[in-house]
There are 2 protein chains.
Amino acid sequence: MKRRNTPSKTAVLSALERANTALSHDKLLDTLAGSVDRATIYRILNRFCEDGIAHRIVADDGKQYFALCEDCSHQEEHSHNHFHFRCLQCDRVECLTTEVSVNLPKGYLAENFNGVISGKCRACGSL
Amino acid sequence: MKRRNTPSKTAVLSALERANTALSHDKLLDTLAGSVDRATIYRILNRFCEDGIAHRIVADDGKQYFALCEDCSHQEEHSHNHFHFRCLQCDRVECLTTEVSVNLPKGYLAENFNGVISGKCRACGSL
DNA sequence: TTAATTATTGCGACTCTATTGCAATAATAC
DNA sequence: GTATTATTGCAATAGAGTCGCAATAATTAA
Ligand SMILES: [Mn+2]
Ligand SMILES: [Mn+2]
Ligand SMILES: [Zn+2]
Ligand SMILES: [Zn+2]
């Protein structure tokens with residue numbers, strides 16, 4: 001299944017590039033101002049994840065957020081063992097840069113890592 | 001708001017005790033075999049979390065799982081900085097015991113920790 | 001440049017998880 | 001036992017995400 005370039009895809013991609021945080025579906029829907037359909041956004045983001053262009057974060061609010069793979073794209077072993085921070089006040093979700101490693105019990109095989117810490121971000125803390 | 005003891009509450013609590021893993025709502029609904037209403041289970045679990053009897057895990061499948069606070073209940077600083085493992089095959093979610101600490105960027109305040117690693121558990125790996 | 005192929009889109013319907021309003025029930029305190 | 005009010009059951013609702021399908025348009029080959 002070969003991927004095609006479409007205005008919608010480009011729009012979602014550049015919205016993710018412009019934001020320096022992870023974005024949720026509804027935030028993207030907002031940003032794209034109705035120029036792209038809901039379901040299409042979902043499908044584009046899922047494709048980005050399949051293709052390793054973005055990664056999905058399931059936050060503790062039960063919603064999915066998406067961030068471009070920047071620092072990690074050049075590695076052959078594409079892993080996302082980093083935490084994300086979600087501000088409970090401004091609701092921004094951002095990647096924390098430090099990679100973490102967890103040692104699992106014997107016999108366990110890790111496939112996905114999903115770490116989210118929620119709290120107050122710097123900007124919101126100094127209010 | 002003072003808490004009361006009810007058969008439903010007891011049933012949910014002992015179901016959680018019996019299981020040595022975290023349980024999802026539907027798993028509990030199953031276990032309780034229709035003796036407790038869906039909404040009631042949700043409410044009981046939310047109360048358990050408020051009261052520090054259980055903790056909530058938002059897994060990467062978007063569902064909530066609940067586990068009793070065992071090792072952590074005796075600490076005054078009730079924290080849950082441990083990962084959870086969800087098996088993609090048998091769908092069991094369990095607490096990993098090692099506590100982790102993440103250092104956040106300056107000015108960030110952590111309030112909740114939610115770490116989930118999904119993959120294949122020991123039992124399912126050796127098939 | 002045109003025609004054929006098929007990935008992608010838009011729309012609506014749908015699934016699934018979780019919450020909420022409200023009247024009825026029952027645990028606790030007096 | 002009576003009064004108080006936390007809890008329950010039920011139905012309705014909200015919200016996130018997916019899916020089927022016909023229409024559209026990006027790509028490829030002629
Ligand atoms: Mn990445
Ligand atoms: Mn605990
Ligand atoms: Zn903030
Ligand atoms: Zn398993």
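Below, read A as the first sequence line, B as the second, and so on, with proteins coming before strands; counting in each chain starts at 1.
In this structure, the CD1 atom of Ile41(A) is 13 Å from the C1' atom of dG17(D), given to the nearest Å. Taking atom CD on Gln64(B) and atom P on dC16(C), their separation rounds to 17 Å, with Å as the unit. Spacing between atom NZ of Lys2(A) and atom P of dT5(C) amounts to 17 Å, rounded to whole angstrom units. One atom, OH of Tyr42(B), and another, P of dT17(C), lie 7 Å apart when rounded to the nearest Å. Whole-Å rounding puts the Asn5(A) CG to dT28(D) C1' distance at 15 Å. One atom, CG of Leu45(A), and another, P of dA16(D), lie 14 Å apart when rounded to the nearest Å. Between the P atom of dG15(D) and the CG atom of Asp61(A) lies a distance of 13 Å, rounded to the nearest Å. Atom NZ of Lys9(B) and atom P of dT7(D) are 7 Å apart (whole Å).
Checking dT18(D), dG10(C), dT7(D) against every side-chain atom of Arg47(B), the shortest atom distance belongs to dT7(D). The Ile44(A) side chain lies nearest to dT9(C) when the options are dG10(C), dT9(C), dT19(C). Among the nucleotides dG10(C), dT17(C), dT28(C), the one closest to any side-chain atom of Arg4(B) is dT28(C). The listed nucleotides are dA16(D), dT8(D), dA26(D); the one nearest the side chain of Lys63(A) is dA16(D). Here the nucleotide nearest the side chain of Asp37(A), chosen from dT6(C), dG10(C), dT18(D), is dG10(C).
When only modelled atom types and interatomic distance are considered, Asn46(A) and Arg56(A) share a side-chain donor-acceptor pair under 3.5 Å. Side-chain N/O atoms of Asp91(B) and Tyr65(B) include a donor and acceptor closer than 3.5 Å.
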*Using the ring pair (Phe, Tyr, Trp, His ring centres under 6.0 Å) rule, take Phe113(B) and Phe83(A) through it: C-alpha gap first, then chi angles, then the decisive distance, then the call.*
CA-CA 10 Å; Phe113(B) 177 98; Phe83(A) 276 95; 5.5 Å; yes
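Residues Leu45(A) and His25(A) approach most closely at CD1-CD2, 3.3 Å, considering heavy atoms.
Judged by atom type and distance alone, Arg3(A) does not reach the base of dA7(C) through any side-chain donor-acceptor pair under 3.5 Å. Residue side chain Arg43(A) does not reach the base of dG17(D) through any donor-acceptor N/O pair under 3.5 Å, judged by distance alone. For Arg38(A) and dG10(C), a side-chain-to-base donor-acceptor distance below 3.5 Å is absent, hydrogens and geometry of angles not being considered.
The 5' end of DNA chain C is approached more closely, in terms of each residue's nearest nucleotide, by Met1(A) than by the other of Met1(A) and Tyr65(B).
Applying a 4.0 Å cut-off to non-hydrogen atoms, the residues of residues 14-33 of chain A that approach DNA chain D are His25(A), listed by residue number.
OP1 or OP2 of dG10(C) has at least one side-chain nitrogen or oxygen of Thr40(A) nearer than 4.0 Å. Residue Thr6(B) places no side-chain N or O under 4.0 Å from the OP1 or OP2 atom of dA27(C).
A salt bridge links Lys63(B) with Asp26(B): the closest approach of a Lys/Arg side-chain nitrogen to an acidic carboxylate oxygen falls below 4.0 angstrom.
Remark: the backbone N or O of Val36(B) is not paired with any side-chain donor or acceptor of Thr40(B) at under 3.5 angstrom. In this structure a side-chain-to-backbone donor-acceptor pair under 3.5 Å is missing from Asn114(A) to Asp60(B).
Identified under the ring pair (Phe, Tyr, Trp, His ring centres under 6.0 Å) test for residues 85-106 of chain A, with sequence neighbours left out: Phe85(A)-Tyr108(B).
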